[in-house]
2 protein chains.
Amino acid sequence: MSARILIVEDEPALLRGLKDTFASKGYEVLTAPDGATGLDLALSRSPDLILLDIMLPRVNGYEICRAVRERGLEMPILMLTAKDREEDIILGLNLGADDYIAKPFRLGELVARANAFLRRSRTKPAAAFRFGDCELDLAAHKLFRGGAEIELTAKEFKLLEYFVSRRGCALARDAILDAVWGNSVIVTPRSIDRCVATLRAKIEPDPREPVYIQTIRDIGYRFEPGE
Amino acid sequence: MSARILIVEDEPALLRGLKDTFASKGYEVLTAPDGATGLDLALSRSPDLILLDIMLPRVNGYEICRAVRERGLEMPILMLTAKDREEDIILGLNLGADDYIAKPFRLGELVARANAFLRRSRTKPAAAFRFGDCELDLAAHKLFRGGAEIELTAKEFKLLEYFVSRRGCALARDAILDAVWGNSVIVTPRSIDRCVATLRAKIEPDPREPVYIQTIRDIGYRFEPGE
DNA sequence: CCCTGATGTTACCGAATTGTTACCTTGATG
DNA sequence: CATCAAGGTAACAATTCGGTAACATCAGGG
């Protein structure tokens, strides 16, 4: 969770403000008041992300950016600058920066942008929905229960996917038919029951007393994943 | 080199302008005039980057963004919007967007930002991939199994390459056709089966009980390299 | 022009899914 | 308590889907 951020900024007040903000979000913060120090730290401490002012004494931001990339380092670099001429922005991005934020900037937005980059570089453990002892992996098209994979048929999977996407909502039979079977197909209403029954048999602890897929008499069903 | 970009934007003039701009830079451009179409294309054609308007008819940009991420797709998403309140920006970024660009924007800057993301995701360090007793050498375009080289036809290789690049994911037949055969060619869906069958014969320990290339009935296939 | 290998198509088979029908259980209502 | 409607479920049947073999087509090379 904790990432290391390097902030290179020559104005002390701003540097302090940025440092405190990121530190309060739980980041480990390195700071540098000038370009030369910034480049040193970037190379020696390999931070996960760099916030880089452009107008710096001694070595400017563009040069740092290029130097970092030339060394083969690939951490995201966010440029902070008062220059917001389009040419400057394009130049910065082409030199290997990932974002270019014009001063004055909003702190919340800056943090959100930094988070977005850090999120991306973090390894993903496959997004999945969890409910009870089940885990639904949409990308892999798999369902696990207590670690073991459960085989679902196409209809069952589509139905469960629909339930999960509308969890907590009462779902009318019409709506389910429309979403899972498609509005052109004509089937008896019992087809839903049947599919629900097989799905319950596979995911409910006790299919006689369903907790996840609840029946709402006269309406349809509701999927309740619990907490 | 050529990347595929999906642009979701409901204002025809702007959509046209964006399309022309990116097309002239050599990108393959997909367009969608509304959210529902956009989501479909994002899921079925797996573009390398998405430009997403927020205010859209039917399904709004935030929902598309979330739905795409829930499916485990990780292409960069750039949000375009007239809203530039800080809360909106933070919301968008937290939902999995990578950049948030306020209208009116500058075209050159937009292209530069898109390029920056594509440059980053294009980093392909993997020159070889191992699974079971097989080793796929992408650079040399060769497949070895237990040290001996296995001859693959062009289609088989391309298919395996695609499988490897999307390992662990459920791959719809449409998506496979699109990626391996190309979206313009029209072939029967059985051509995929045929190619899968010959590939299985070459890489599976027991082609009758495939472990690497798994069939997902009604959906397509999934490549599972194991550990 | 013919041979060869790759690739696509057609046809058939077997298996699995899925819809239907029929019957049963449950719960609401008067 | 009787009745009725809705949902649960088992058994069966039909359909659909994928695997595969056999054949067709096409391109390239000699």
Side-chain angles (χ1 to χ4, degrees), chain A residues 141 143 150-163 170-223, chain B residues 141 143 149-163 170-204 206-223:
Chain A
H141 218 264
L143 175 71
I150 307 267
E151 299 283 347
L152 292 186
T153 68
K155 272 271 145 45
E156 288 164 1
F157 196 93
K158 210 168 172 190
L159 179 62
L160 180 57
E161 192 176 353
Y162 178 61
F163 277 149
L171 301 169
R173 303 174 87 83
D174 293 356
I176 298 172
L177 269 183
D178 200 34
V180 179
W181 273 258
N183 44 18
S184 50
V185 188
I186 299 164
V187 289
T188 45
R190 319 317 317 278
S191 298
I192 299 182
D193 302 329
R194 194 176 173 299
C195 197
V196 166
T198 58
L199 193 51
R200 276 178 173 156
K202 293 180 183 181
I203 68 172
E204 292 284 354
D206 174 10
R208 304 287 166 143
E209 282 297 324
V211 292
Y212 301 131
I213 304 177
Q214 298 170 2
T215 303
I216 314 177
R217 200 188 159 89
D218 274 335
I219 305 290
Y221 297 92
R222 177 179 48 224
F223 181 74
Chain B
H141 220 262
L143 175 71
E149 183 174 354
I150 307 265
E151 298 284 345
L152 291 187
T153 68
K155 273 270 146 38
E156 287 164 0
F157 195 90
K158 207 167 175 191
L159 178 61
L160 181 56
E161 200 175 1
Y162 178 60
F163 276 148
L171 301 170
R173 304 175 88 84
D174 293 358
I176 298 172
L177 269 184
D178 194 32
V180 179
W181 273 259
N183 48 18
S184 49
V185 189
I186 300 166
V187 289
T188 36
R190 318 316 316 279
S191 298
I192 300 181
D193 303 329
R194 182 81 210 326
C195 198
V196 166
T198 58
L199 194 49
R200 276 179 174 157
K202 293 181 183 180
I203 67 171
E204 292 283 354
D206 175 10
R208 304 286 165 144
E209 284 296 325
V211 292
Y212 300 131
I213 304 177
Q214 300 170 0
T215 303
I216 315 177
R217 193 184 220 265
D218 252 357
I219 304 290
Y221 297 92
R222 176 178 48 223
F223 180 73

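Each chain gets a letter, A, B and so on, in the order the sequences are listed, and its residues count up from 1.
Under 4.0 angstrom from either OP1 or OP2 of C/dT9 there lies at least one side-chain N or O belonging to B/Thr188. Within the 4.0 Å cut-off from OP1 or OP2 of D/dT20, not a single side-chain nitrogen or oxygen of B/Arg200 is found.
Proximity of B/Tyr221 to B/Ile216: side-chain heavy atoms (C-beta onward) are nowhere separated by under 4.5 Å.
The end-to-end axis angle of the helix from C/dC1-D/dG30 to C/dG30-D/dC1, rounded to 10 degrees and based on five pairs per end, is 30°.
The two residues A/Pro210 and A/Pro207 make their nearest non-hydrogen contact at CD-O, 3.6 Å. Closest heavy-atom contact between A/Cys195 and A/Trp181: CB-CH2, 3.9 Å. Across A/Glu156 and A/Thr198, no two heavy atoms sit closer than the pair OE2-OG1, 2.8 Å.
Counting to the nearest Å, the P atom of D/dT9 and the CG atom of A/Asp206 are 10 Å from each other. Distance B/Ile213 CD1 to D/dT20 P: 12 Å, rounded to the nearest Å. Rounded to whole Å, the distance from NZ on B/Lys202 to C1' on C/dG5 is 11 Å. B/Asp193 has its CG atom 13 Å from the P atom of D/dA21, to the nearest Å. Protein atom CD1 of B/Ile176 is 10 Å distant from nucleotide atom P of D/dG18, rounded to whole Å. Taking atom CD of A/Glu204 as the reference point, atom C1' of D/dT9 lies 16 Å away to the nearest angstrom. One atom, OH of B/Tyr221, and another, P of D/dG18, lie 7 Å apart when rounded to the nearest Å. Protein atom CZ of A/Arg173 is 16 Å distant from nucleotide atom P of D/dA5, rounded to whole Å.
Side-chain N/O atoms of A/Arg190 and base N/O atoms of D/dG8 include a donor-acceptor pair closer than 3.5 Å.
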Tabulated below should be each protein N or O lying under 3.5 Å from an N or O of nucleotides 25-29 of chain D; please produce it.
none

Got a list of protein N/O to nucleotides 14-18 of chain C N/O distances below 3.5 Å?
{"from": "C/dT18", "atom 1": "OP1", "to": "A/Lys155", "atom 2": "N", "distance (Å)": "3.1"}
{"from": "C/dT18", "atom 1": "OP2", "to": "A/Thr153", "atom 2": "OG1", "distance (Å)": "2.6"}

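Here the NE2-CZ distance, from A/His141 to B/Arg217, works out to 13.5 Å after rounding to the nearest 0.5 Å. Between the CD1 atom in B/Ile150 and the CD1 atom in B/Ile203 there is a gap of 9.5 Å [rounded to 0.5 Å]. For the atom pair CG of B/Leu171 and CG of B/Asp178, the computed distance is 12.0 Å after rounding to the nearest 0.5 Å. Distance CD/A/Glu204 to CD/A/Glu209: 9.5 Å, rounded to 0.5 Å. Here the CG-CG distance, from A/Leu143 to A/Leu152, works out to 5.0 Å after rounding to the nearest 0.5 Å.
When only modelled atom types and interatomic distance are considered, B/Arg194 and B/Thr188 share no side-chain donor-acceptor pair under 3.5 Å.
Residue whose closest nucleotide on DNA chain D sits further toward the 5' end, between B/Ala197 and A/Thr215: A/Thr215. Checking B/Pro189 against B/Glu151, the closest nucleotide of DNA chain C that is more toward the 5' end is the one next to B/Glu151.
Ion pairing between a basic and an acidic side chain is recognised when a charged N comes within 4.0 Å of a carboxylate O; B/Arg200 and B/Asp193 show no such pairing.
B/Phe157 comes within contact range of no nucleotide atom at all, as no heavy-atom separation falls under 4.0 Å.
In this structure, B/Tyr212 and B/Phe223 have tilted ring planes: the angle between them lies in the 30° to 60° band.
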